[in-house]
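Beneath this line is the structure, given in structure tokens, with notes to follow.
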Amino acid sequence: MDARPNSPEARDIRYHLHAYTNARKHQETGPLVIEKGDGVYVEDIAGNRYIEAMAGLWSVAVGFSEKRLVEAATRQMSKLPFYHDFGSRAHSPLIDLAEKLVQMAPVPMSKAYFTNSGSEANDTAIKMIWYRSNALGQPARKKIISRKRGYHGVTIAAASLTGLPNNHLSFDLPIANILHTSTPHHWREAEPGESEEQFSARLADDLEKLILAEGPETIAAFIGEPIMGAGGVVVPPAGYWEKIQAVLSKYDILLVADEVICGFGRTGEMFGSQTFGIKPDIMVLSKQISSSYLPISALIINDKMFEPIADESDRIGTFGHGFTGGGHPVAAAVALENIKLIEERDLVGNARKVGAQLQARLRKLASHPLVGEVRGVGLIAAVELVADKASKAPWGKPAALGALVNGLLQQNGVISRNMGDAIAFCPPLIITEAQVDTLVDAFERSLDAALPQVRPQG
Ligand SMILES: Cc1ncc(COP(=O)(O)O)c(C=O)c1O
């Protein structure tokens with residue numbers, strides 16, 4: 001770190017409170033200042049180059065230097081830099097994007113609604129669900145079931161949906177009417193000898209018990225990511241979504257698929273819902289919708305959602321919900337061009353093909369003494385590290401080994417993220433097989449470098 005008083009690092013420490021950072025520790029360590037990007041690489045202020053193995057925040061599908069997105073933004077900025085969709089106003093990029101998203105949806109959908117972030121979109125989903133229950137004359141039907149370790153964002157309601165302690169502690173969350181059911185992580189949570197199918201059946205049973213205990217007439221919706229992302233890249237076990245959906249249909253409970261990470265190709269299909277046979281009533285989209293070049297998110301809803309909402313807005317006089325920047329024309333133009341690029345360059349096919357190689361290479365590390373589990377689908381994966389393979393015990397405090405290996409990986413030219421002791425990989429969808437080899441080689445070197453620290457006696 002450059003310690004001069006006017007260095008960017010020193011000024012960052014002086015003026016900037018960071019997202020998801022230990023603010024006290026940051027005063028000692030300072031920031032990693034990223035200056036530029038090209039393709040799957042980013043470069044820091046000291047000129048060090050890294051493979052961005054998290055695509056930023058699971059989001060930069062087309063890489064960090066896509067000129068066509070810059071041009072789309074510039075064109076729209078010159079033509080109409082801002083407009084909105086309040087009070088029946090519209091603009092062409094938003095009409096085009098709404099049509100595109102509804103047509104792309106893997107299940108019959110009716111309308112798209114626009115917001116700025118995944119959190120806002122999930123808050124909006126909750127409000128739509130509550131509004132619909134009132135419209136249908138079912139005011140008691142307000143509870144939403146989410147999952148422990150699910151991640152749905154950080155605004156008050158979205159953070160309540162999120163099932164991770166750091167998003168609740170000292171924030172006085174979760175709010176009322178949000179319930180959390182079990183995590184579909186077979187390796188960590190299954191009973192000895194329990195098959196994936198048996199484990200899925202037990203989780204579906206847990207869900208049904210929760211619904212019955214609360215009263216089915218009080219449960220409005222279930223929300224889940226097709227693959228849990230920030231909770232540690234948890235791939236659902238065999239039969240999970242099928243069994244969960246059977247319980248939801250039995251009690252007429254809505255299903256929200258949070259596709260914020262899985263959407264637009266990550267799992268090797270356009271949507272995670274296709275990979276896992278999910279038939280949602282609401283799909284929540286963000287991140288790879290615009291490769292995060294600009295903030296934009298969307299909900300796609302079916303007629304079961306739209307019709308009662310339309311009736312209620314007619315009764316009240318308006319659907320009293322909207323964000324100034326929701327469906328911003330420049331962000332919408334960038335999203336349209338980004339989706340065009342994903343289709344034109346078959347980045348979904350690339351996620352499937354190069355993803356298979358990423359998964360195969362990572363699985364070869366399963367025999368490494370520090371590797372507990374390798375999991376993932378397409379271009380999203382995690383390697384969970386343990387100090388003891390048999391007991392799955394961590395090295396000292398949970399997350400210590402994850403942080404150690406993540407730091408070594410950065411020294412070896414790869415930016416990743418440790419979620420506890422799970423090291424995540426979610427590179428841009430444009431990544432090549434050669435770049436995957438470089439990435440996994442660096443990870444292997446990092447694991448080997450960590451081993452003597454974890455096992456000083458060998
Ligand atoms: C599945 C999922 N939903 C929602 C969000 C929240 O999105 P945002 O950070 O844009 O509010 C995230 C962010 O990582 C996410 O991964």
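Numbers for residues simply follow the sequence, beginning at 1.
Within 6.0 Å of atom CD in Glu242, 12 or fewer heavy atoms from other residues, nucleotides or ligands are found, so the atom counts as exposed in its surroundings. Remark: Phe171 CZ is loosely packed, at most 12 non-hydrogen atoms of other residues, nucleotides or ligands lying under 6.0 Å away. More than 12 heavy-atom neighbours from other residues, nucleotides or ligands sit within 6.0 angstrom of NZ on Lys304. No more than 12 heavy-atom neighbours from other residues, nucleotides or ligands sit within 6.0 angstrom of CZ on Arg24. Around the CD1 atom of Ile156, the shell of radius 6.0 Å holds no more than 12 heavy atoms that belong to other residues, nucleotides or ligands.
In terms of modelled atom types and a separation under 3.5 Å, the side chain of Thr275 and the main chain of Ser273 share no donor-acceptor contact. The backbone N or O of Gly37 sits nowhere less than 3.5 Å from a side-chain atom of Glu43 that would complete a donor-acceptor pair. Not one N or O on the side chain of Tyr251 forms a donor-acceptor pair closer than 3.5 Å with the backbone of Leu212. For His152 (side chain) and Ala159 (main-chain N/O), no donor-acceptor pair under 3.5 Å exists by modelled atom type. Listed for the His186 side chain is no donor-acceptor partner under 3.5 Å among the backbone atoms of Val235. Not one N or O on the side chain of Ser291 forms a donor-acceptor pair closer than 3.5 Å with the backbone of Gln288. Not a single donor-acceptor pair under 3.5 Å links the side chain of Asp85 to the backbone N or O of Gly327.
Checked by atom type, the side-chain pair Ser290/Asn338 shows no donor-acceptor distance below 3.5 Å. Under the 3.5 Å distance criterion, with hydrogens and angles disregarded, no donor-acceptor pair is assigned to the side chains of Asp206 and Thr181. One side chain, His368 or Asp448, offers a donor N or O that lies under 3.5 Å from an acceptor on the other. Residues His16 and Arg11 bring no donor and acceptor atom of their side chains to less than 3.5 Å of each other.
Applying the salt bridge (Lys or Arg N to Asp or Glu O under 4.0 Å) definition to pairs two or more places apart or across chains, those involving residues 122-143 are Lys143-Glu214. Within the structure, side-chain hydrogen bond (donor to acceptor under 3.5 Å, both in side chains) contacts touching residues 223-238 (residues at least two apart or in different chains) do not occur. Under the side-chain hydrogen bond (donor to acceptor under 3.5 Å, both in side chains) criterion, the residue pairs touching residues 159-174 are Tyr20-Asn167, with sequence neighbours excluded. Within the structure, every pair that satisfies the side-chain hydrogen bond (donor to acceptor under 3.5 Å, both in side chains) test and touches residues 51-60, not counting sequence neighbours, is listed here: Ser59-Ser292.
For the pair Arg49 and Asp44, the salt-bridge criterion is not met [side-chain N within less than 4.0 Å of a carboxylate O]. Ion pairing between a basic and an acidic side chain is recognised when a charged N comes within 4.0 Å of a carboxylate O; Glu208 and Lys250 show such pairing. A salt bridge does not link Lys392 with Glu373: every distance from a Lys NZ or Arg NE/NH1/NH2 to an Asp or Glu carboxylate oxygen is 4.0 Å or more.
With ring centers used as reference points, Phe425 lies under 6.0 Å from Phe443. Less than 6.0 angstrom separates the ring centroid of His321 from the ring centroid of Tyr113. Between Tyr240 and Phe199, a ring centre-to-centre spacing not shorter than 6.0 Å is recorded.
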Would you sort out whether Glu444 and Lys364 count as a salt bridge (Lys or Arg N to Asp or Glu O under 4.0 Å), showing the intermediate values? CA-CA 10 Å; Glu444 219 169 331; Lys364 282 197 187 138; over 6 Å; no
Check the pair Ile309 / Met128 against side chain to side chain contact (heavy atoms under 4.5 Å, CB included), numbers first and verdict last. CA-CA 7 Å; Ile309 288 175; Met128 283 182 178; 3.8 Å; yes
Please evaluate residues Glu189 and Thr183 with respect to the criterion side chain to side chain donor-acceptor pair (under 3.5 Å), reporting the C-alpha separation (whole Å), side-chain torsions for both, the decisive distance (0.1 Å), and the verdict. CA-CA 8 Å; Glu189 312 275 345; Thr183 311; 4.7 Å; no
Determine whether Met228 and Val233 satisfy the following criterion, side chain to side chain contact (heavy atoms under 4.5 Å, CB included), listing intermediate values before the conclusion. CA-CA 5 Å; Met228 283 183 174; Val233 185; over 6 Å; no
Side chain to side chain donor-acceptor pair (under 3.5 Å) between Ser297 and Thr115: does it pass, once the steps are laid out? CA-CA 5 Å; Ser297 56; Thr115 47; 2.5 Å; yes
Would you sort out whether Val371 and Leu362 count as a side chain to side chain contact (heavy atoms under 4.5 Å, CB included), showing the intermediate values? CA-CA 10 Å; Val371 172; Leu362 289 177; over 6 Å; no
How far apart are the C-alpha atoms of Gln359 and Arg363, what are their side-chain angles, what is the distance that settles it, and do they pass the side chain to side chain donor-acceptor pair (under 3.5 Å) test? CA-CA 6 Å; Gln359 303 296 338; Arg363 273 167 184 75; 2.7 Å; yes
CA sep, side-chain torsions, deciding dist, call: Phe264, Phe271, ring-ring contact (aromatic ring centres under 6.0 Å, His included): CA-CA 6 Å; Phe264 304 98; Phe271 297 101; 5.4 Å; yes
Go through the steps to decide whether Ser391 and Asp388 satisfy the test side chain to side chain donor-acceptor pair (under 3.5 Å), and finish with yes or no. CA-CA 6 Å; Ser391 68; Asp388 181 64; 2.6 Å; yes
Working for salt bridge (Lys or Arg N to Asp or Glu O under 4.0 Å), residues Glu384 and Arg188: CA-CA 10 Å; Glu384 185 147 348; Arg188 193 49 91 184; 2.9 Å; yes
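Val260 is listed as a side-chain neighbour of Ser286, based on a closest heavy-atom distance under 4.5 Å. Using a 4.5 Å heavy-atom threshold, the side chains of Val256 and Val284 count as touching. You'll find the side chain of Val247 stays beyond 4.5 Å of the side chain of Ile253, heavy atoms only. At a threshold of 4.5 Å between non-hydrogen side-chain atoms, the residues Lys287 and Val60 do not count as touching. Inter-residue side-chain proximity for Asn122 and Leu299 is flagged as unmet; no heavy-atom pair is nearer than 4.5 Å. Residues Phe323 and Thr124 are in side-chain contact: their nearest non-hydrogen atoms beyond the backbone lie under 4.5 Å apart. Residues Met305 and Ile282 have side chains in contact (heavy-atom distance under 4.5 Å, counting atoms from C-beta outward). A heavy-atom distance below 4.5 Å is not found between the side chains of Val386 and Asp421.
Each of Asn406, Asp441, Asn412 was compared with Ser446 under the side-chain hydrogen bond (donor to acceptor under 3.5 Å, both in side chains) criterion, and only Asn412 meets it. No option in Ile129, Ile219, Asn177, Leu179 other than Ile129 meets the side chain to side chain contact (heavy atoms under 4.5 Å, CB included) test with Ile144.
Taking the six-membered ring where the residue is Trp, Phe222 and Trp241 present perpendicular rings, their angle passing 60° and hence far from 30°. Using a 30° and 60° split on the angle between ring planes, Phe319 and Tyr131 fall in the perpendicular class, above 60°. Taking the six-membered ring where tryptophan is involved, the planes of His185 and Trp187 are tilted, since the angle between them lies from 30° to 60°.
The salt bridge (charged side-chain N to carboxylate O under 4.0 Å, His left out) search around Glu120 returns none, not counting sequence neighbours.
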Give the table of side-chain donor-acceptor pairs shorter than 3.5 Å for residues 397-405, with sequence neighbours excluded, one pair per line with atom names and distance.
none

